[in-house]
Amino acid sequence: MKFGGAVVRCIVGDLPELVPADSLKSALAHDLNSTGLGAENKFLAIQKLAKYRFSQAIFDSGADDRMGHLQNPVIRMTRNVDPLLDSIPGDSYRLPITGWSTPVTSALSASGTLGSPLESIKQQLSLDDPFHAVLTDFDLSLDDAYLSAVQDDQISDQIRRTMVGWYGRYLTRLYATASGIPGFVREVEAWTQALAPFSGPASEGLHRFGEQHSNPSTTKTNA
C-alpha cells in the first residue's frame, strides 16, 4: 500500500487527502495568467502548484505543522532520505557519494537576484545529465515567476529571503531525484554493499530455512 501511495503522491501530491476524487482536476486548475496578479502573488500561486511536483510531493506533505507532516505514511517512510537532509558538495551525479549538490548551491549563490538559478544549473551540466530530462514547462514558468518576484522592489528583504530559501530547496530536491540520489547516499551505499553478499538464491534458501525452523508447524518430522 505504501508503494501505491508513493505513486499517487508523485502524481497529485496530498490532494486525495484534501478534496474528493471527483474534484481533483478542478483543484489543480489554477489560472496563473490572471490579470491583476502582482509578481509576489503570481509566484505564490505557482508555488502552491509546485508542492504537487513529484520531487516535492514524495518528501513534503505540504503541512505547516510537523505533526501534520508525519501523519502521512508515505512521508514517514521517505522523510529520512530527503536529499535536503544531506546535500553533499560535489558535482558528480554518476558517483554521488563523492558529492553532488554543487551545481545547485553555486547556481543560487551566483545568480542572486540577477539571473535564473535554473539556467545557471543547466549551463553547468553535461548534456546527458538526467536533470535536463525531468524539466518541464512548469519548471520554466516557476523560474520566471521566481525571478520576477525577487527582482520586485516592492517585496521586503524578509519575503525575498523566504522565496530564495524555498526555491533552493525545490531545485535541490528536483536535481537529486532526477538522478535517483537520496539523502545520506553514502550510508545507503554502504548499507547496500554490506547486504550484497546475502542477496540471491543462497540468501533465499537461508531465509526459507529460517522460516521453517522458527515455525514448528511447518517443520516435517519423521515417524
Side-chain angles (χ1 to χ4, degrees), residues 6-7 9-10 13 43 46-47 50-62 66 69 74-147 149-151 160-199:
V7 173
R9 287 198 66 84
C10 286
F43 173 76
I46 196 170
Q47 184 185 36
K51 71 178 182 179
Y52 304 122
R53 196 75 163 92
F54 75 99
S55 55
Q56 290 288 104
I58 198 65
F59 297 114
D60 189 354
S61 68
R66 183 168 177 79
H69 182 80
V74 175
I75 299 300
R76 288 201 301 269
M77 181 177 64
T78 60
R79 65 189 177 94
N80 291 324
V81 290
D82 187 341
L84 290 179
L85 298 177
D86 183 47
S87 55
I88 308 171
D91 56 6
S92 176
Y93 78 87
R94 290 189 178 89
L95 194 62
I97 60 173
T98 65
W100 56 270
S101 66
T102 296
V104 180
T105 55
S106 63
L108 290 166
S109 301
S111 63
T113 60
L114 301 176
S116 162
L118 185 59
E119 288 300 320
S120 181
I121 293 174
K122 290 167 60 178
Q123 290 171 9
Q124 297 178 66
L125 305 179
S126 61
L127 294 178
D128 62 345
D129 192 292
F131 185 69
H132 298 292
V134 302
L135 293 179
T136 65
D137 289 342
F138 176 83
D139 298 303
L140 300 179
S141 297
L142 175 60
D143 194 66
D144 288 341
Y146 166 81
L147 282 177
V150 296
Q151 293 172 355
R160 185 176 291 106
R161 285 193 297 268
T162 300
M163 290 179 174
V164 172
W166 177 87
Y167 194 43
R169 293 190 295 274
Y170 177 89
L171 290 175
T172 299
R173 280 175 170 158
L174 183 62
Y175 179 78
T177 53
S179 296
I181 302 172
F184 305 105
V185 63
R186 291 170 175 167
E187 288 77 5
V188 171
E189 176 69 14
W191 181 69
T192 303
Q193 293 297 324
L195 291 180
F198 302 101
S199 62

Carboxylate-amine/guanidinium contact Arg186 Asp86, below 4.0 Å: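 No salt bridge links Arg186 with Asp86.
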
Can a salt bridge be assigned to the pair Glu119 and Lys122 using a cut-off of 4.0 Å between side-chain N and carboxylate O?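 Salt bridge present between Glu119 and Lys122.
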
Yes or no on side-chain contact (heavy atoms from CB on, under 4.5 Å) for Trp166 and Thr162, after CA distance, side-chain angles and deciding distance? CA-CA 6 Å; Trp166 177 87; Thr162 300; 5.6 Å; no

To the nearest 0.5 angstrom, please state how far the [atom1] atom of [X] sits from the [atom2] atom of [Y].
X	Y	atom1	atom2	answer
Leu171	Ser101	CG	OG	12.5 Å
Leu142	Asp137	CG	CG	12.5 Å
Arg169	Arg173	CZ	CZ	8.0 Å
Asp91	Thr98	CG	OG1	7.5 Å
His132	Ile121	NE2	CD1	10.5 Å
Asp143	Ser116	CG	OG	3.5 Å

Taking all non-hydrogen atoms of both residues, which atom of Ala149 and which atom of Phe43 are closest, and how far apart?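 Minimum heavy-atom contact is CB-CB, 3.9 Å.
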
Would you sort out whether Leu135 and Leu140 count as a side-chain contact (heavy atoms from CB on, under 4.5 Å), showing the intermediate values? CA-CA 8 Å; Leu135 293 179; Leu140 300 179; 5.6 Å; no

Side chain proximity check, Leu84 to Phe59, heavy atoms < 4.5 angstrom: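 No. Closest side-chain heavy atoms not under 4.5 Å.
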
Can you tell which of Val150, Val164, Leu108 makes a side chain to side chain contact (heavy atoms under 4.5 Å, CB included) with Pro117?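 Considering Val150, Val164, Leu108, a side chain to side chain contact (heavy atoms under 4.5 Å, CB included) with Pro117 is found only for Leu108.
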
Classify the ring geometry of Trp100 against Tyr175: parallel below 30°, tilted from 30° to 60°, perpendicular beyond 60°.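 The rings of Trp100 and Tyr175 lie parallel, inter-plane angle below 30°.
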
Using a 3.5 Å distance criterion without hydrogens, assess whether the side chain of [X] forms a donor-acceptor pair with backbone atoms of [Y].
X	Y	value
Thr102	Pro89	no
Thr172	Gly168	yes
Gln124	Pro103	yes
Ser179	Ile181	no
Asp139	Thr136	yes

Using the test salt bridge (Lys or Arg N to Asp or Glu O under 4.0 Å), find all partners of Arg94 that sit at least two apart in sequence or belong to another chain.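 In terms of salt bridge (Lys or Arg N to Asp or Glu O under 4.0 Å), with neighbours along the sequence ignored, Arg94 is linked to Asp128.
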
side-chain contact (heavy atoms from CB on, under 4.5 Å) between Tyr146 and Ile46: does it pass, once the steps are laid out? CA-CA 9 Å; Tyr146 166 81; Ile46 196 170; over 6 Å; no

Take Phe131 and Leu118 through the test side-chain contact (heavy atoms from CB on, under 4.5 Å) and record every step on the way to the result. CA-CA 10 Å; Phe131 185 69; Leu118 185 59; 3.7 Å; yes

